[in-house]
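Below is one structure, written out as structure tokens; comments come after it.
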Amino acid sequence: MADLQDFPSSPIVTITGCVIVAIRDDLDDSAVLALQNQLVEEIDRKKAHGVIIDISALEIVDTFTGRMLAAMAEMSRVLNARTILVGMRPAVAMTLVELGMTLTTIETALTADRAMMMIAEKKPPKTL
Amino acid sequence: MSDGEWTVSLRKPADVALARKAAMSAMDGIGATAIRRTKFVTAVSEIARNVIVHAGTGVIHFKIVGFASQSVVAECRDHGPGIPDVAKALQDGFTTARGMGLGLGGAKRLVDRFEIVTEPGRGTTVVMEAKGR
């Protein structure tokens, strides 16, 4: 059970060894830390081998958020859990490219369903 | 606050979210397209966060200008340390804090007009304008 103080961050659930995190819109620095803490603990507790980060609630992704997402993917990778970002809005994708932050270290999928399948099939990551 | 003008004080990290909301309302006010709104709100987020990180406090003001072709102008002012070398700060990869160094130059690319006035020791003012379509 999550601590009450962690509760307002973002919901986390684990389904068939895959941690699903829905990122809330207005995370500040302390909420980001709480969420990252929650994520690594959940991966460890559930022995998860995959992480799906859902950013469909995010109207924008700036460099602060981008850095947070990259850090979460890296933390999960170090714990041997493959991380896939889902739910990116088309306007966000266009903006990230112009911003020069293309999140090349994070895998993406269009939907959580596809991401679940990719993780279940252990489909190798796409290479550039 | 009159119709079509928004002012947000920037004092703590959570205020960046308020600046984003105001930017979004302003762009909705001129019926901006989703992509133009997203680009502008992202640029506002970068600039507002710069204020919190580098200057500590500041103010950002939004207004709608123009008649036939409307746009939103954001003016962000702080009394922080200023930027010693603006040209360098606008380059990708330049960072003094622990960022990625894409903030200032990135914000400039996302808007239709970008002006920056800075004086070391006195503060920085950034003006950004984005058209609705």
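Naming: A, B, ... by sequence-line order, numbering from 1 per chain. These values consider heavy atoms only, across backbone and side chains, with no hydrogens, waters or symmetry-generated copies.
For the pair A:D62/B:R49, a side-chain contact is recorded, criterion being any heavy-atom separation below 4.5 Å from C-beta on. Annotation: side chain of A:I60 is in contact with side chain of B:R20 (closest heavy-atom distance under 4.5 Å). Contact check for A:L99 versus B:L110: side-chain heavy atoms found under the 4.5 Å cut-off.
By the 6.0 Å contact criterion, NZ on B:K131 is open, its count of non-hydrogen atoms from other residues, nucleotides or ligands being 12 or less. The environment of B:R77 atom CZ is sparse: at most 12 non-hydrogen atoms of other residues, nucleotides or ligands sit within 6.0 angstrom. Applying the 6.0 Å contact sphere to CZ of B:R11 captures no more than 12 heavy atoms from other residues, nucleotides or ligands.
Between A:A91 and B:T38, the closest heavy-atom pair is CB-OG1, 3.3 Å.
Proximity to chain A (any heavy atom under 4.5 Å) is restricted, for B:K21, to the side chain, taken from C-beta onward.
With hydrophobic clusters built from ILVMFWY side chains whose heavy atoms lie under 4.5 angstrom apart, A:V61 does not share a cluster with B:I35. In terms of hydrophobic clustering, with Ile, Leu, Val, Met, Phe, Trp and Tyr side chains grouped at heavy-atom distances under 4.5 Å, A:I119 and A:V13 are assigned to a common cluster. Note on A:I23 and A:I106: same hydrophobic cluster, where clusters join Ile, Leu, Val, Met, Phe, Trp and Tyr whose side-chain heavy atoms are under 4.5 Å apart, directly or indirectly. Linking ILVMFWY residues whenever their side-chain heavy atoms come closer than 4.5 Å, directly or via other members, places A:M75 and A:L69 in the same cluster.
Distance check, rounded to the nearest 0.5 Å: CG of A:L96 to OG1 of B:T42 gives 7.5 Å.
When atom types are taken as modelled, the side chain of B:E46 and the backbone of A:T63 share a donor-acceptor pair closer than 3.5 angstrom.
A salt bridge links B:R37 to A:E59: at least one charged side-chain nitrogen sits closer than 4.0 Å to a carboxylate oxygen.
Counting heavy-atom pairs under 4.5 Å between each of B:V16, B:T33, B:V41 and chain A puts B:V41 at the top.
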